[in-house]
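First the structure, in the form of structure tokens, and then the observations on it.
Remember, it's 1-based here, ligands and their atoms both numbered in the order they're listed.
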Amino acid sequence: MSIPSTTRSGLYPAALKTAFVKLHPRALIRNAVICVTAVTAALTTILALRDLMTGAPGWGVTLQIAFWLWVCVIFANFAEALAEGRGKARADSLRATKAETMVKLLASEDSPEPSLVPSATLRAGQLVRVDAGDLIPTDAEVIRGVASVDESAITGESAPVIRESGGDRSSVTGGTRIVSDSLILRIVAEPGKSFLDRMIAMVEGAERQKTPNEIALNILLCGLTLIFLIVTVTLDPFARYSGIVIPVVTLAALFVTLIPTTIGGLLSAIGIAGMDRLVRANVIAKSGRAVEAAGDVDTLLLDKTGTITFGNRMADAFLPAQGVAERDLVHAACLASLADETPEGKSIVDLARRMQPELAAAEAGGQPVLFSAETRLSGVDLPGRTLRKGAVDAVERFVGHRLDAALRARVDEIARSGGTPLLVAEGDRLLGAIHLKDVVKPGVRERFAELRAMGIRTVMITGDNPLTAAAIAAEAGVDDFLAEATPEMKLEYIRREQAGGRLVAMCGDGSNDAPALAQADVGVAMNSGTPAAKEAANLIDLDSDPTKLIEVVLVGKQLLISRGALTTFSIANDVAKYFAILPAIFVAAYPGLGVLNVMGLSSPQSAILAAVIFNALIIVAMIPLALRGVKYAPGSAAALLRRNLTIYGLGGLIVPFLGIKAIDMAVSALGLA
Ligand SMILES: Nc1ncnc2c1ncn2[C@@H]1O[C@H](COP(=O)(O)OP(=O)(O)OP(=O)(O)O)[C@@H](O)[C@H]1O
Ligand SMILES: [K+]
Ligand SMILES: [Mg+2]
């Protein structure tokens, strides 16, 4: 999702305005360091006004200090507003797609006459019909029909996608438009709780909660603020003891320059910018925590069908067992699939009818046995006939014996080609196999190699047989695979990895993936997936691209690194300022301290004013870094840490000396202090 450049240039004035709005105590209180700065600024303003009225000497400098303390607060607010602004612009364009329409409400699935009701009144569980050209009013599950849907309003992708009942492509999103055919939908979202509503709230940052890391860092910053408060307050008795009186305004200014205002002012902007980068990658994050965890992921689990492969496993051929006529196999497979709403089941019926036109008249009857990921079997019980089809091991168990060598050879051949073999059985007799074909998505191999370079292990988990799994695993280039997996096994695998102290990410699309998506530290659901999968995940990829996790990992790493780098920089800065300003303050009482005044600052007043100005300007200077993020290149964590400590730690120590000296020279040249 990109935003037009006209709105982008309008972001700065809007953010500046918001920076002033955020001076409201209710907004300020959320950021301890900046709140303390604002209180100090207010106090200094009162002192300046008092001095101005009484005509006390030095009121000019006090007023300037008050001014720059306010500027510091405004700049911190500005950084946050700027980070939020991009999301707001995007939220506005999303809101535009949330048009009020009249929808065709159905009393039941078969009711011929819909009644027209406003879309806002729809509740979960109700049935509606949408026809070509209609806007899909809210999130729903397709219960009947196949149609192409234009999802560009949400995903930005202009090619329409197929949505159909049954299987893993049965969910539709409010705000998208149906371009062909008709669908009967069961509404799944309550009013105001649709995906679009949540997406708007998320990109706006309204639902952004502080992550555990952010909270920990905030506590550290509050601790530092308290320490510097004590340092500053106890300075006064020390000074009196040495016979000098430090003006309150000097103490106030010193306090603010010492507390970690840089990172305090930029912290939330860094978090918001990270979320914003995700939105630009077309990923919606339900929690900031998932984004951070993504930065540290060790293992990535991927579902095979629909995630690594395209997912429209289509029946390609019927391979009868020895002594079985092809006609009988095709008939049995068709009957066993008439009630099967999965894409696999429908494709079997299609192929069977193409091969034997008389099957067109066949209608579902008897007692259907629906497919489940648990049994990996489906079929029908007709009077006198028990028909089943399913995964090889599952059907073998059903018939109670292994398949013979000839059929085994045909099944293995299908599997080795990366196809999925389904066995068809009647009673305890194996009739043959169905070849389901699926294709590996292009480009996944390269991207898995990238993940490996980042130190992330990729594991494919599939309900399919080991031979098919091995063939697809080799083609896609994953590090490992787990075959014939049930949903419990997926969950178990994740728990085992987590017990070993590893952070696990999981990509999936099916309802049977939902428990695993919920258990994973980072659960990415494909937007094309089922509502259950999307509900369980903490990230949703609008492009339904499993390799998108690479971007998510990069954003997460960048977020963690940026926060670390700016924290290092900010604290190093504060330490440096301490040594830069103190000698200038005490030089009057202890001329011997003059040697410590290595910076040769002009006067205590100009030193303190220069420090306060520097303190405000450094926030603005760091905004681009906070929003853009520190560049991340794959490498060892130790090397990265060393590099960042050198750049941001050392830089943080040196920059204040140069900056304060330059501002001090300017301040005294202009005669400001
Ligand atoms: N409609 C169906 N009827 C009978 N068996 C099926 C059907 N669809 C799939 N199977 C069999 O069940 C197995 C598991 O399918 P499922 O879609 O649950 O896999 P999964 O766990 O999601 O992993 P993947 O998506 O990678 O296959 C398939 O490999 C196939 O052998
Ligand atoms: K500071
Ligand atoms: Mg699946």
Between the main-chain N or O of [Y] and the side-chain N or O of [X], is there a donor-acceptor pair closer than 3.5 Å?
{"X": "S337", "Y": "D340", "result": "no"}
{"X": "N527", "Y": "S544", "result": "no"}
{"X": "R410", "Y": "A433", "result": "no"}
{"X": "D513", "Y": "G508", "result": "no"}

Legend entry - Name, closest N/O/S atom of D574 to the K ion (ligand 2):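 D574's closest N, O or S atom to the K ion (ligand 2) is named OD1.
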Of the backbone and side-chain N, O or S atoms of [X], does one lie nearer to the K ion (ligand 2) than 3.4 Å?
{"X": "T262", "value": "no"}
{"X": "I259", "value": "yes"}
{"X": "T257", "value": "yes"}
{"X": "V256", "value": "yes"}
{"X": "T261", "value": "yes"}

Test of understanding: given a 4.0 Å heavy-atom threshold, classify the contact between [X] and ligand 1 as side chain, backbone, both, or neither.
{"X": "T420", "answer": "side chain"}
{"X": "T342", "answer": "side chain"}
{"X": "L422", "answer": "side chain"}

Under 3.5 Å, is there a donor-acceptor pair between the [X] and [Y] side chains?
{"X": "E341", "Y": "S165", "value": "yes"}
{"X": "K304", "Y": "T309", "value": "no"}
{"X": "R313", "Y": "T305", "value": "yes"}

Which of the numbered atoms in ligand 1 are under 4.0 angstrom from any heavy atom belonging to [X]?
{"X": "D303", "answer": "20 (P), 22 (O), 23 (O), 24 (P), 25 (O), 26 (O)"}
{"X": "K304", "answer": "26 (O)"}
{"X": "T462", "answer": "23 (O), 24 (P), 26 (O), 27 (O)"}
{"X": "G390", "answer": "4 (C), 5 (N)"}
{"X": "A373", "answer": "18 (O)"}

Inset, instruction - Please name all residues satisfying side-chain hydrogen bond (donor to acceptor under 3.5 Å, both in side chains) with K437, sequence neighbours left out, ordered by chain then number. - result: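 By the side-chain hydrogen bond (donor to acceptor under 3.5 Å, both in side chains) rule, K437 matches no residue at all.
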Legend entry - R313 touching ligand 1 at heavy-atom level, < 4.0 angstrom: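 R313 counts as a contact of ligand 1 under the 4.0 Å cut-off.
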Inset, instruction - Before accepting this row, confirm whether a basic side-chain N of the pair D393/R397 lies closer than 4.0 Å to the acidic partner's carboxylate O. - result: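 Salt bridge flag = yes for R397 with D393.
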Legend entry - E475 bridged to R445 by N-O distance under 4.0 Å: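 No, no charged N to carboxylate O under 4.0 Å.
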Legend entry - N/O separation below 3.5 Å, D340 to ligand 1: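 By distance alone, the answer is yes.
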Legend entry - Nearest neighbour of atom 20 (P) of ligand 1 from the list P343, S372, G463, on a heavy-atom basis: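 That would be G463.
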Inset, instruction - May I ask you to test the L422-H435 pair for a side-chain heavy-atom distance under 4.5 Å? - result: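 No, too far: nothing below the 4.5 Å cut-off.
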